Protein chains: 2
Amino acid sequence: MLTKRQLFILEAIIDGYTKTAEAVGSRSISKREDVSYSPATVRNEMADLETLGFLEKPHSSSGRIPSNKGYRYYVDHLLLPRRVSESDIVDIRQLFADRITETEDVIRKSAEVLSDLTSYISVALGPDAFNTKLKHLQIVPLYESTAVAVLVTDTGSVEHRQITLPEGLEAQELEKVVRILNDRLQGVPLIELNKALYQEVASVMEQHLSQHMDVMHSLENALHTDKSEKVYYGGKTNLLSQPEFKDVDKVRSLLELLEKDEQMHQLMVPTQSGITVKIGEENDIEAFEDVSMITATYQIGGKPVGTIGILGPTRMEYSRVIGLLQYLTHDLTKMLTSWHHRE
Amino acid sequence: MLTKRQLFILEAIIDGYTKTAEAVGSRSISKREDVSYSPATVRNEMADLETLGFLEKPHSSSGRIPSNKGYRYYVDHLLLPRRVSESDIVDIRQLFADRITETEDVIRKSAEVLSDLTSYISVALGPDAFNTKLKHLQIVPLYESTAVAVLVTDTGSVEHRQITLPEGLEAQELEKVVRILNDRLQGVPLIELNKALYQEVASVMEQHLSQHMDVMHSLENALHTDKSEKVYYGGKTNLLSQPEFKDVDKVRSLLELLEKDEQMHQLMVPTQSGITVKIGEENDIEAFEDVSMITATYQIGGKPVGTIGILGPTRMEYSRVIGLLQYLTHDLTKMLTSWHHRE
DNA sequence: ATTAGCACTCAATTTAACCGAGTGCTAAAT
DNA sequence: ATTTAGCACTCGGTTAAATTGAGTGCTAAT
């Protein structure tokens with residue numbers, strides 16, 4: 001078990017390294033006003049903390065930096081979320097004050113605000129297609145054989161897809177189709193729509209429609225939803241101002257990874273609700289060796305449906321970021337849930 | 001007037017510098033198999049080309065690199081678009097083979113292909129809101145006071161906006177509104193819809209509708225279109241592999257600029273049709289000092305409506321890029337025009 | 001007009017010297 | 001048994017000098 005003084009020193013080092021990105025020496029700690037013991041004492045403690053694996057030295061005669069294990073200990077035992085500052089609150093409130101009406105927009109804006117406030121990279125995932133259900137479907141004919149399918153989901157978002165209708169489908173037949181679809185498919189998760197189309201709708205269609213084969217084919221396109229959600233980013237270039245990324249190659253491997261939506265998606269899939277902190281190699285991805293990711297889920301009606309998070313250097317301000325994320329997801333959840341229950 | 005040999009040497013230097021990103025020396029040119037004169041001769045020619053302003057030296061004892069004036073001359077007089085290679089054709093065809101149904105998608109995909117093929121950054125602008133006209137409008141009610149407005153444009157693209165309807169508007173009244181709108185607003189450019197709403201529709205509305213004030217207010221949101229088009233990018237990280245951008249600060253100022261959609265939009269507004277080449281400071285933007293931008297317009301029904309282009313280091317492969325852009329915009333134009341004329 | 005020859009230039013690389021922040025360890029002080 | 005002063009030692013970073021080599025400009029010979 002760590003002594004009180006060891007804890008203090010560990011925290012001091014994490015603090016100092018977070019601010020300067022440079023290894024912290026014994027003298028600088030000893031000089032603090034709230035510290036009464038000498039550099040030598042600090043050094044002894046440091047040596048102990050190092051053998052315990054919480055600290056490490058970039059080279060033999062340098063000060064100490066926190067190891068990933070040190071960060072992990074800090075996050076698990078020491079850290080308490082910083083209260084969100086007044087000015088941050090203003091910025092976030094601002095976000096929800098703009099009257100935005102689409103889920104996507106809120107998520108995207110949230111990511112922007114978050115990266116602006118933190119100077120790190122923000123990542124956000126919209127409501128999961130697994131949890132998003134069809135609420136209402138409408139097909140608007142445009143030209144003779146072209147139409148738009150408008151899908152309204154229970155998360156309050158709206159999507160449209162252009163589709164081709166079979167030649168010579170009567171307007172009133174189309175109406176019938178739409179009625180059947182709404183009747184059978186409401187409440188079905190988006191990604192299962194196509195499956196449900198065949199399981200639930202096909203037979204009914206057959207009974208009522210002569211062109212049922214052609215129609216089914218058209219609908220397949222209308223109802224297809226990609227599993228992979230879009231990933232939203234904010235402040236991708238923020239990385240470039242961090243001293244640990246003055247090396248272009250590192251930046252590149254990271255930014256290239258961010259282009260791969262599927263991978264990022266996987267990393268962020270909402271698991272347990274609440275805040276998750278992944279430090280360095282805990283992310284299980286090589287390019288993420290020197291970064292940490294803090295994610296938080298937001299919920300709709302009590303169910304976690306999406307994720308929003310921050311990607312920053314391992315020496316990021318955990319306490320502040322966690323505070324911000326808690327605050328933001330709380331508001332997000334409230335807002336989205338209220339939308340969801342309107343009607 | 002430049003002699004034949006001078007032209008040859010200019011081209012050789014541009015060529016060499018494009019490939020290696022290093023200043024080209026006299027000896028390396030003289031050693032080429034198709035060159036029979038000595039390094040000294042080459043040096044004399046180089047000196048002349050330098051006083052003419054087509055070449056410059058990074059430092060007094062180095063080889064030559066093309067000046068921006070040199071590139072300009074090359075582009076204007078020497079360059080002939082390289083024939084697009086077979087494998088490039090395959091990739092582009094592939095793009096148009098996927099059945100895509102939305103203008104936006106094609107543009108975005110085009111940008112992707114282009115950056116993949118060139119390893120530069122691609123930039124694309126969707127059809128201009130000035131030239132895009134309303135073709136058809138539909139309002140789909142969702143819940144009691146929420147609805148979706150679906151706008152179909154003459155470029156074949158579809159947009160939706162969520163709007164709030166006045167309390168207690170009867171379905172049949174809504175139908176009337178939609179009919180009036182379609183009647184009066186078809187063919188109006190998107191950005192002028194709101195103006196037209198008041199000029200053309202207000203009075204009619206007043207005659208037929210009790211709640212006309214409230215309705216008008218709702219419609220304002222439905223019909224508002226941002227002037228600034230979205231800008232699509234491909235391969236933003238490609239920049240990071242170019243040797244001239246191993247300096248993080250340069251990269252940052254550039255990437256930050258790319259986040260500013262309005263500015264990029266301005267740079268790319270389709271002016272004359274065809275290919276435009278802007279070299280270095282010709283772009284009138286500080287961050288673009290070391291890059292060139294080649295843009296091409298695509299058309300719908302003979303009218304240039306959008307732009308797609310490439311952003312690369314000044315030493316980029318002009319000839320190849322221009323070839324590619326010509327090929328791609330030609331296909332784009334054909335495809336979009338055919339969509340546009342379907343009906 | 002062309003080219004061989006040579007002195008010269010200058011960025012880039014290597015080498016050496018030095019500085020200073022910081023450590024570990026020992027022995028004295030508390 | 002802690003704590004601390006003291007000191008030798010380490011090592012990255014910086015600066016300065018030396019070396020290298022690709023390339024030039026100019027002159028005189030072809």
Side-chain angles (χ1 to χ4, degrees), chain A residues 1-10 12-17 19-67 70 243-244 246-247, chain B residues 1-10 12-17 19-67 70 243-244 246-247:
Chain A
M1 192 46 200
L2 296 185
T3 68
K4 198 144 186 177
R5 194 164 64 191
Q6 283 173 322
L7 290 177
F8 180 87
I9 290 177
L10 176 57
I13 288 173
I14 289 180
D15 216 60
Y17 187 60
K19 291 210 180 82
T20 65
E22 309 232 324
V24 179
S26 56
R27 221 171 85 90
S28 73
I29 289 186
S30 173
K31 269 199 303 195
R32 287 172 57 143
E33 294 191 352
D34 49 350
V35 166
S36 56
Y37 31 89
S38 75
T41 311
V42 177
R43 280 203 292 279
N44 290 332
E45 298 286 27
M46 279 176 160
D48 290 351
L49 284 168
E50 185 173 354
T51 48
L52 288 170
F54 294 121
L55 297 180
E56 51 194 38
K57 285 187 288 193
H59 59 90
S60 75
S61 71
S62 76
R64 302 300 205 290
I65 64 174
S67 68
E244 39 265 272
K246 61 183 187 308
D247 172 25
Chain B
M1 191 49 198
L2 296 184
T3 67
K4 197 144 189 181
R5 194 162 67 190
Q6 283 173 321
L7 291 177
F8 180 87
I9 289 178
L10 176 58
I13 288 173
I14 289 181
D15 216 60
Y17 187 60
K19 292 211 180 82
T20 65
E22 311 230 324
V24 180
S26 55
R27 220 172 85 90
S28 74
I29 290 187
S30 173
K31 268 199 302 198
R32 286 172 56 146
E33 294 190 354
D34 50 351
V35 167
S36 55
Y37 32 90
S38 76
T41 311
V42 177
R43 280 203 292 281
N44 290 333
E45 299 285 28
M46 280 174 161
D48 290 351
L49 283 168
E50 185 174 354
T51 48
L52 288 170
F54 295 120
L55 297 180
E56 51 193 40
K57 283 188 289 192
H59 59 90
S60 76
S61 72
S62 76
R64 302 301 205 290
I65 63 174
S67 67
E244 37 265 273
K246 63 182 185 311
D247 173 25

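Computed over heavy atoms, backbone and side chain alike; hydrogens, waters and symmetry mates excluded. Keep in mind the model is a prediction, meaning the values are calculated, not measured.
Residue A:Y37 contributes atom OH, which lies 14 Å from atom C1' of D:dT2 at whole-angstrom precision. Per the geometry, CD belonging to A:E22 stands 15 Å off C1' belonging to D:dC11, to the nearest Å. As rounded to whole Å, 18 Å separates atom P of D:dA22 from atom CD1 of B:I13. Atom NE2 in A:H59 sits about 7 Å away from atom P in D:dG13, given to the nearest Å. Computed from coordinates, the B:L49 CG to D:dT24 P distance equals 13 Å when rounded to whole Å. In this entry the distance linking OH of A:Y17 with P of C:dA21 reads 19 Å, nearest Å.
The listed nucleotides are C:dT3, D:dT3, D:dT10; the one nearest the side chain of B:S38 is C:dT3.
Contact record, B:P58 with B:E56: CD-O, 3.9 Å, taken as the closest heavy-atom pair. A:E45 and A:I9 make their closest contact through CB-CD1, 3.6 Å (heavy atoms, listed as atom of the first residue, atom of the second, distance).
Counting heavy-atom neighbours within 6.0 Å of B:E244 CD, excluding the residue itself, gives a total above 12.
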Does the protein touch nucleotides 25-30 of chain D at the base, only the backbone, or not at all? Give it as B, S and - per nucleotide, heavy atoms under 4.0 Å.
BB----
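Side chains of B:R5 and B:Y37 form a contact here, defined as non-hydrogen atoms less than 4.5 Å apart. Taking 4.5 Å as the limit, some side-chain heavy atom of A:F54 sits within range of a side-chain heavy atom of A:L2. Side-chain contact between B:D15 and B:K19: present, with at least one pair of heavy atoms (C-beta onward) separated by less than 4.5 Å. The shortest side-chain heavy-atom distance between B:V42 and B:M46 falls under the 4.5 Å cut-off.
One can find a donor-acceptor pair under 3.5 Å joining the base of C:dT9 and the side-chain atoms of B:S61.
Non-hydrogen atoms lying under 4.0 Å from DNA chain C are contributed by nothing in residues 26-35 of chain B.
Contact annotation: B:T41 reaches the phosphate of C:dT3 (side-chain N/O to OP1 or OP2, under 4.0 Å).
We find the NZ-CD1 distance between A:K31 and A:I29 to be 12.0 Å, quoted to the nearest 0.5 Å.
In this structure a side-chain-to-backbone donor-acceptor pair under 3.5 Å is missing from A:S30 to A:S26.
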